[in-house]
Amino acid sequence: MSSQATTSNIAMNQDASLPNPKKWLTIGAIGLLISLVGLISSPIGAYSYLVSVLFVSSIAIGMLFLVLIHHIFDAGWSTVVRRQAENFLSVVPYLGFLFIPLFLMTMKDNGLIWIWMDDTASLHGHGTVGEDVLYLKKTWWLNETFFWIRAIICFGSWAFFARALRKHSFSQDSDGKAEHTFACRKLAAGGLVVVALTWSCAAFDWIMGLEYHWFSTMFGVWFFANAMRAALAVLVLTCTYLVAKGPLKGIFNNKHLHDLTTLSFAFCVFWAYISFSQYFLIWNGNIPEETFWFNYREEGIYFYIGMFLVFGHFLFPFLFLLQFKLKTAHASARFICCWILFMQLFDLYYNILPSLKDSHGEPYQMFSSPLNFVWFISGIVGVVGILLWAYWTSFNKVKIIPIRDPRITESLNHSH
Amino acid sequence: MAKKYGLIAKFDTPADIMHAAEKVRDAGYKQWDVITPFPIHGMDPAMGLKRSIVPRFTIVGGTLGFTTGMSMIWFTNAYDYKILIGGKPLFSPMFAFPVSYELTILFSAFASIAGMFIMNKLPMHYHPMLKHKEVAASSDDKFFLYIETADPQYSEESTRSLLESLNPVEIDELDD
């Protein structure tokens, strides 16, 4: 059985040159601990913690979308990269745990993050939240019980689909049954609907809900676009890293890379389309209920961050990824993916931080204190540590590619 | 008396024509082509074809389209016949953007098609291959490779002996 001989070679994942998961757990734990100090000590620390959790969630749920889309289309080419996405899915069950500190803090100090949770919070010059007719009209959706039930449904459904997809894929490695592929396809049909709804819900509740006066139907789609961009960037970085280190050498070829970067390009345009449409409709409609949200984001540093997003999160990656040579070379693909991840973080800051107000009702300026950077950096280091710990733990347990997937040969020979 | 267009060789299998193409490529010929009933994967590198330069036409078209859109809206609304609508500025890239975006796509598409026509030397009303006695087989089950007399390396003897060395089923002359 020559095929089994080659597959057992592929299964040798443990390698001294690859990172140790425990190292990442330590880094993640230290980062999270510092970040939790920020969460307890200051509102900007709390917002920074929220940004970090949403950053890692967008990578993880983006991966979930990629795997679901792979199965719903019965895709062939992406079979070899699917396993890396599945490894990243191992972090999904922990996302809910990362959210628990936010729950505990809002129990202690209701209006710390989502101001509507505190009926007595004063709106600058307009009485309190409890007297605000705009809030009273929305209480059927924006009440704490329902809010946390929705959060549980979100994290629960993501964990369910992530675990089920992983289980089927890994079981197929050992028994080779085609039923797992069919089961995944059925999961994907339902999962895409559920995850699309819960992810939009997450965007509405956790980001749009920060400024409960404001509403934009584009917001869920914007968050989806961000998740896809982040996940694709991480996937390209992972695969090129694994090629450089050896495990995926000769498996992950330039055509796989080209397809991933092309998808990255597509979602770059999609992100721009959604973000522009949101801005344009509000600009054109020009009614105060909507425009105030962007007015806050033109104050102080946020104006420059907004411009940085237009040119750095859209125009630069757009022109970069238009070029075939840059898309298919490992070094340039790695560069642009790091850039996209960095900009993705700024996009979250831009959408989340201005909702925090100072004592004058003005948006809290992101760089107002050097201490802010401690919370920003520790939060990101913390969640990235957890993500990579979950990834490498899963990576060491399973085979490098789904060796008995019906479409694995097609994917290995993907060249046109 | 018809002018001679080139020499044409006939092959029976995709593998044969692929190997033949590699040898002709390595011999350094430039003005030649293969005719197959269906696309053969890997034929582009076998023939030594580079990536198409049509995308260059596309980016020029796209840039032109974008600037046309922007300047058209500026010209009509802010310069030629000023209209103030809803207290908005006379010109803003915001409302010019949807038009510019559409024109970017439209002009890109036009430029791509024009670029494809130019690169393929279209419109071409007939090709010498159409006069070949076995033109029908070229869209059925036979594979052809021809080298044009216009090729700088072309010579009656050496080209014919190169083609013969490829073990074709048959070598024929192609009239212009």
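Chain letters run A, B, ... following the sequence lines, proteins first, then strands; residues in each count from 1.
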Within a reach of under 6.0 Å around CZ of B:Phe38, are more than 12 heavy atoms found that belong to other residues, nucleotides or ligands?
-> yes
Any residues in residues 291-318 of chain A near chain B, with a heavy-atom distance under 4.5 Å, and which are they?
-> none
Is the count of non-hydrogen atoms from other residues, nucleotides or ligands lying under 6.0 Å from A:Lys325 atom NZ greater than 12?
-> no
Which atom pair, heavy atoms only, marks the closest approach of B:Phe95 to A:Phe280?
-> CA-CE1, 3.6 Å
Greater than 12 external heavy atoms within 6.0 Å of A:Phe219's CZ | yes
Can the ring centres of B:Phe97 and A:Phe276 be said to be less than 6.0 Å apart?
-> yes
Taking all non-hydrogen atoms of both residues, which atom of A:Asn286 and which atom of B:Lys88 are closest, and how far apart?
-> CB-NZ, 4.2 Å
Hey, could you give me the OH/CE distance between A:Tyr279 and B:Met94, rounded to the nearest 0.5 Å?
-> 5.0 Å
If contact means a heavy atom pair closer than 4.5 Å, which residues of residues 50-79 of chain B contact chain A?
-> B:Arg51, B:Ile59
